[in-house]
2 protein chains.
Amino acid sequence: MTTAEAGDQPDDGEPRTPGRLRRRASRLLSQLTARSDRLINEGLARVDARKWHYAVLASLHEYGPGSQAALSRRTGIYRSDMVGVLNELAERDLVERTPDPADQRRNIVTISAPGRRQLRRLDRVLDDLHDELLAPLNPAERDQLVQLLTRLLDHHTRTP
Amino acid sequence: MTTAEAGDQPDDGEPRTPGRLRRRASRLLSQLTARSDRLINEGLARVDARKWHYAVLASLHEYGPGSQAALSRRTGIYRSDMVGVLNELAERDLVERTPDPADQRRNIVTISAPGRRQLRRLDRVLDDLHDELLAPLNPAERDQLVQLLTRLLDHHTRTP
DNA sequence: GTACATCGTTAGTCTGACTAACGCAATGAC
DNA sequence: GTCATTGCGTTAGTCAGACTAACGATGTAC
């Protein structure tokens, strides 16, 4: 544990972030998330994708076709934003949107063969990007982080 | 380690988030940050403050008066956004903005007595809010989390 | 003294999270 | 069977945070 206490003193000139600020979990989260988001977005943009694409494709692959509303619930994307995401995916022929014969309000969304291919591709891209994101941590520490974050998110999801 | 594997299977009906999605650090970060931000913002709004106020006041208190640009660097707030933050703080008489006699481009920003009082108050408010945010974790785990996040942020700050 | 950097400021972009309201279809109560 | 309620897809729009561009004015280096 000699590597501990990272980020305490800036070696260069002036800009010293107050300690009270530096160790607030909320600040660490938002600062890190800003960088993480940028990293992921840029990485996905390079293969003409966005993270919502991944979420929808993964959900379709793991749980099969579903209505837009169901996809919203599974992915956490608001159903108002889902429209646009599905438009983008349909443009690229990664999913198909067909009316549900059993319920005329519903569209049934299905993943296509190219969609499955793209999903595998995105999985690899995301693996690489996460390797970059988590570079300073060893595998055990990465697990630890995921565990801690999951527990927190879980708590705040169940207890709104 | 029997408490592990939180959040794997939803007990209620339909909405199952794909596993590949659920354990991606980037997603955990952004989901959790969204909730954290909301929690903090609402908490601070109740005492007529925003998180930027805290950042600026803390920086002034720990490192003394400074120009707006210096404050930008210390807090990570863009200097374009700093203007508005300082307006809000000045309205509330928490800081004073006076022209630097030595450099006519600069404003020197100083914390006022009410500013110091507000800072103490915000410190207490934030302590409580973080207690809520980190509720599921024991003190050791909270430290662990802060450590891990700090190391990551550090890495991505030094290596842009 | 001219070229360049810095300061405060205004304006505007982009993304993500979220709300409101719509027309329409299905469902359940009576 | 009608009617209120709920769920669906969609459009539009709000709000906040992060970030860029460009400005006039001032300071600094050569």
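Residue numbers begin at 1 in each chain, while the letters A, B, ... track the order of the sequences.
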- Message: If I take atom CZ in residue B/Arg38 and atom P in nucleotide D/dC15, what distance separates them, rounded to the nearest angstrom?
- Response: 16 Å
- The residue, B/Trp52 or A/Asn107, whose nearest nucleotide of DNA chain D is more 5′ is A/Asn107
- Task: Kindly determine whether A/His53 and A/Arg92 satisfy side-chain hydrogen bond (donor to acceptor under 3.5 Å, both in side chains), including the steps that lead there.
- Result: CA-CA 11 Å; A/His53 297 188; A/Arg92 293 163 175 73; 4.7 Å; no
- Taking CZ from A/Arg74 and P from D/dC8, how many angstroms apart are they, rounded to a whole number? 13 Å
- Task: Using a cut-off of 6.0 Å, state whether more than 12 heavy atoms not belonging to A/Gln144 lie near its atom CD.
- Result: yes
- Message: Please check if the number of heavy atoms outside A/Glu141 that lie under 6.0 Å from its CD is greater than 12.
- Response: yes
- Task: Give the B/S/- string for nucleotides 22-30 of chain D, one per nucleotide from 5' to 3', where a protein heavy atom under 4.0 Å of the base yields B, of only the sugar-phosphate yields S, and otherwise -.
- Result: B---BS---
- Note on the structure: In this structure, CG of A/Asp93 is separated from CD of A/Glu91 (nearest 0.5 Å) by 9.5 Å
- Look at A/Arg73 and D/dC8 and indicate whether a side-chain polar atom (N or O) is within less than 4.0 Å of OP1 or OP2. yes
- Whole-Å distance separating the CG atom of B/Leu71 from the C1' atom of C/dC7: 13 Å
- Task: Check the distance between D/dG17's C1' and B/Ile40's CD1 and give it to me in whole angstrom.
- Result: 15 Å
- Item | Sidechain N-carboxylate O distance under 4.0 Å for B/Lys51, B/Asp37 | yes
- Task: Please check if any side-chain donor atom of A/His130 sits under 3.5 Å from a side-chain acceptor atom of A/Arg142, or the reverse.
- Result: no
- Message: In this structure, how many angstroms lie between the P atom of D/dG17 and the CG atom of A/Leu29, rounded?
- Response: 15 Å
- Item | Axis deviation across the helix from C/dG1-D/dC30 to C/dC30-D/dG1, five-pair ends, to the nearest 10° | 20°
- From the options B/Leu28, B/Leu152, B/Leu29, select the one residue that forms a side-chain contact (heavy atoms from CB on, under 4.5 Å) with A/Leu145. B/Leu152
- Is the backbone N or O of B/Leu32 less than 3.5 Å from a side-chain atom of B/Ser36, with the two atoms forming a donor-acceptor pair by type? no
- Would you say the side-chain atoms of A/Arg97 and A/Gln68 include a donor-acceptor pair closer than 3.5 Å? yes
- Message: Please determine whether a side-chain nitrogen or oxygen atom of A/Tyr78 lies at a distance below 4.0 Å from atom OP1 or OP2 of C/dA17.
- Response: no
- Message: On the nucleotide D/dG17, are OP1 or OP2 found under 4.0 Å from the side-chain N or O atoms that B/Arg50 carries?
- Response: yes
- Message: Measuring to OP1 and OP2 of D/dT10, would you say a side-chain N or O of A/Arg97 lies under 4.0 angstrom away?
- Response: yes
- Note on the structure: From CD1 of A/Ile77 across to C1' of C/dC18 the rounded distance in Å is 14 Å
- Message: Using a 4.0 Å cut-off on heavy atoms, which residues in residues 80-88 of chain A reach DNA chain D? List them by number, or say none.
- Response: A/Ser80, A/Val83
- Query: Would you call B/Arg24 and A/Asp123 a salt bridge, taking side-chain N to carboxylate O under 4.0 Å as the test?
  - Reply: yes
- Message: Could you tell me how far apart A/Tyr54 (OH) and C/dG16 (P) are, to the nearest whole angstrom?
- Response: 17 Å
- Message: Using whole Å, what does the distance between atom C1' of nucleotide D/dC15 and atom NZ of B/Lys51 come to?
- Response: 14 Å
